[in-house]
Amino acid sequence: MLEHSMLYPKTTLTRRRISMDGMWKFCLDEKAVGEKEGWMDGIPGEEMIPVPASFQDFYTEKDIREYTGDFWYETDFFVPGEWEGREILLRFGAATHRAGVYVNGILITEHEGGFLPFSADVTTVVRYDSYNKVVVKVNNELNCTNIPCGETITLPNGKKMSKPYFDFFNYAGLQRSVYLLALPRESVVDFDLDYAIHGKNAEVSYQVRTNGEHAVQLELLDAEGNCVAQKDGKEGVLYVENAHLWQVRNAYLYRLRIRIMDGEELIDEYEQEIGIRTVKVEGTDILLNGEPVYLRGFGKHEDSDIVGRGFNIGIMKRDFELMKWIGANSFRTSHYPYSEEIYQMADREGFLIIDEVPAVGMFQSLMNFMEASTGKQTAFFEKETTPVLLKAHLRAIEEMIARDKNHPSVVAWSLLNEPETTNEAAVPYFKEVFDLANKLDMQKRPRTFALIMNSLPDTCKCYQFSDIIALNRYYGWYMKGGYEISVAEELFRKEMNAWKEKKLNKPFIFTEYGADTLASEHKLPSVMWSQEYQDEYLKMTHEVFDSYDFIKGEQIWNFADFQTTEGIMRVNGNKKGVFTRQRQPKDIAYKLKERWENLPLDYKK
Ligand SMILES: O=C(O)[C@H]1O[C@@H](Oc2ccc([N+](=O)[O-])cc2)[C@H](O)[C@@H](O)[C@@H]1O
């Protein structure tokens, strides 16, 4: 079990939350001297940058953008005297990819994994009614013992450089909000929910974890604030009559209030919005509240101009407006769990999320796209480092599920993206990963992983672990693009026919398909990279989708153009966006809108 509560920080009757977002002091540690020189007591220089944000895109020097190694943040925070006797925490939404937190010079906690929250318990080191100093040492190096996977090289000039085994830019820093929290000594640590629907009524089964022995009370409030169900005890069932269900693009949110009581005295109170809904795979159907649903939407990235992967509340709002405009109902958090605020918005807007752990780059030859296309085989899960990597991967799954399990929007867990599956060594690795997700999720949501092009019906040794088979396919782009598109279609159908013959009786979805297009390029007749070709590519791909009734969803790659590492495969970024990086439509957006708005929710051919 995790040491720290993963609950989203909130102010309630018994809790206090103060935002620490703003300008923080910042310093690169190019010579790795920070610790020796005592930077934990205060970092050198006067440089300041915003939190939350990636540090890379503010500056005009390439050495800063490409910087790989340690970098330090610092700020002061005031702890009110009336908080004495409480538990005081610093809560980081994320620190990419690893961090050590020092308060008043003392190392409080370390955390590895750049896309999930952690807390530093500073109760015993803070000074009350005065300012305290927090220094965070962050590191953005990639390796093969943590996710996402990659490596770090040293150039002859002595500078380190990131070599990701994935294409998105290796943005880093304090990319999500930081909060100062005061909690009661006895508090709600965690809770789990599961739902059952019986006609008009619903049952909400719950388990609450606290760090004390006092009594727990639950109340369920409807959208008007009326209490519709009540129950005492850390475990039980709330019965809801005439339940309003949380539906796709038609969300209804209840508010769950959890209290710890000492007789009449309130010890702790925590509230969260929840949605009553069930999710289940049955045969080739994905069922939401017992009704089949066809997923339409996107693989996305947290990526925008200037702030990089930093949480950007304006971009979030715009993205949801565009997704509603185009008729989408779902997205995958490729390739890492996103900022918590995004799930909250999906809860409100009724979007379905496939929540992905940062297990990307688990394909040896993908470190080099050219090599990948030669089909060269290397056993990724057979390396000396695999056991350590697995540990980090399991830990990330545990943190992700702990953080996201109570969002109604989260309907599936994606446990890997494009791993190597054609070697037996992957099988025991997958088993551990899939078993853990099932064990930790009270709702037993469907689990999946995204299959890379060479994970085919007759070569993939791992698809049996998936409850939903998710394919990343680029027929007509990485394979037989342009004038050869008719060959691409034939190969695509050949693959789909082979899956059909397997009679897996499971739903298939496409978690990636797409073609790069420059928003500036038009060409008649089409050539690859023109908007006309993106259109042709999608027409062909959608025709194939429409030919198989076990296909239950399409999430195009990508929602928007995004920043990548520079190289011959990418024109200052991946340009498969339906929208530009500035969130304006390419021509294809109007075509997708037409298709998606005309597909019934349970789309079946
Ligand atoms: O390339 C893309 O646009 C996207 O596709 C996927 O990666 C591939 C890379 C190379 C090949 N290939 O050479 O066949 C196929 C797939 C990744 O999941 C995604 O993160 C990436 O952005």
Side-chain angles (χ1 to χ4, degrees), residues 115 142 147-150 163-171 298-303 309 331-338 354 356-378 380 414-422 448-456 459-460 470-482 484 488 491-492 495 509-518 528-529 533-534 537-538 541 554-581 586 588:
F115 302 96
L142 296 169
I147 50 176
C149 297
K163 292 282 185 183
Y165 294 175
F166 46 86
D167 77 338
F168 54 96
F169 192 81
N170 186 35
Y171 282 117
F298 302 95
K300 291 185 94 261
H301 264 299
E302 288 187 288
D303 172 275
R309 192 145 289 123
F331 59 94
R332 174 173 62 131
T333 68
S334 42
H335 293 308
Y336 37 82
Y338 291 176
I354 300 176
E356 187 159 277
V357 76
V360 54
M362 297 182 154
F363 197 111
Q364 196 61 16
S365 37
L366 260 202
M367 56 203 269
N368 174 333
F369 284 133
M370 299 303 240
E371 209 179 295
S373 54
T374 66
K376 185 183 151 209
Q377 292 287 315
T378 23
F380 186 84
S414 171
L415 302 175
L416 313 95
N417 180 69
E418 298 200 337
E420 198 174 274
T421 65
T422 53
T448 189
F449 75 99
L451 275 71
I452 191 168
M453 288 284 282
N454 80 339
S455 294
L456 294 162
T459 59
C460 178
L471 303 179
N472 290 359
R473 290 296 178 267
Y474 291 94
Y475 290 101
W477 187 254
Y478 288 121
M479 196 191 275
K480 305 289 176 198
E484 290 181 282
L491 291 171
F492 195 1
E495 180 187 346
I509 59 172
F510 285 85
T511 34
E512 287 185 26
Y513 62 103
D516 289 85
T517 304
L518 293 179
M528 291 173 81
W529 294 90
Y533 187 73
Q534 195 181 29
Y537 167 92
L538 280 198
T541 305
E554 52 194 63
Q555 294 185 330
I556 192 170
W557 192 256
N558 187 285
F559 173 77
D561 293 345
F562 60 90
Q563 192 63 56
T564 62
T565 309
E566 59 190 333
I568 52 165
M569 293 285 288
R570 298 290 183 257
V571 190
N572 180 22
N574 187 310
K575 305 294 184 192
K576 294 189 186 73
V578 171
F579 299 95
T580 62
R581 199 183 193 207
K586 294 182 187 168
I588 198 69

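The figures here come from the full heavy-atom set of this structure, side chains too, leaving out hydrogens, waters and symmetry mates. Numbering of ligands and ligand atoms starts at 1, following listing order.
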Query raised in the report: Any idea how Y474 and Y478 line up, ring-wise: parallel (<30°), tilted (30 to 60°), or perpendicular (>60°)?
Result: perpendicular
Query raised in the report: Measuring from L518:CG to N572:CG, what's the distance to the nearest 0.5 Å?
Result: 10.0 Å
Report summary line: Any heavy atom of N574 under 4.0 Å from ligand 1? The part involved is side chain
Query raised in the report: Under 30°, 30 to 60°, or over 60°: which ring-plane class applies to F168 and F166, parallel, tilted or perpendicular?
Result: parallel
Requested in this report: Would you mind listing which atoms of ligand 1 come within a distance below 4.0 Å of any non-hydrogen atom of K576?
Outcome: 1 (O), 2 (C), 3 (O)
Query raised in the report: For residues T511 and N472, is any side-chain donor paired with an opposing acceptor at under 3.5 Å?
Result: yes
Report task. Check each atom of ligand 1 against the heavy atoms of D167 and keep those under 4.0 Å away; list them by number with element. Result -> 20 (O), 21 (C), 22 (O)
Report summary line: Per-atom filter on ligand 1: closer than 4.0 angstrom to a heavy atom of N472 are 18 (O)
Query raised in the report: Which class fits the ring pair Y338 and F331: parallel under 30°, tilted 30 to 60°, perpendicular over 60°?
Result: parallel
**Report entry** Structural part of D516 in contact with ligand 1, heavy atom criterion under 4.0 angstrom
**Finding:** neither
Query raised in the report: Which of parallel (below 30°), tilted (30 to 60°) and perpendicular (above 60°) describes F115 and Y336?
Result: parallel
Query raised in the report: Any side-chain donor-acceptor pair under 3.5 Å between N574 and Q563?
Result: no
Query - Location of contacts on N417 toward ligand 1, heavy atoms closer than 4.0 Å - result: side chain
Query raised in the report: For ligand 1, which atoms have a heavy atom of H335 less than 4.0 angstrom away?
Result: 18 (O), 19 (C), 20 (O)
Report task. Could you pull out, from Y513, Y474, F562, the option with a heavy atom nearest to atom 4 (C) of ligand 1? Result -> Y474
Report task. Give me the ring orientation class for H301 and H335: parallel if the planes are under 30° apart, tilted from 30 to 60°, perpendicular past 60°. Result -> perpendicular
Requested in this report: Give a yes/no on ligand 1: does R570 have at least one heavy atom closer than 4.0 angstrom to it?
Outcome: yes
Query raised in the report: Where the closest heavy atom to atom 11 (C) of ligand 1 is concerned, which of F168, W477, F363, Y478 has it?
Result: Y478
Requested in this report: Would you mind telling me if ligand 1 is within reach of the side chain of M479, the backbone, both or neither, using heavy atoms under 4.0 Å?
Outcome: neither
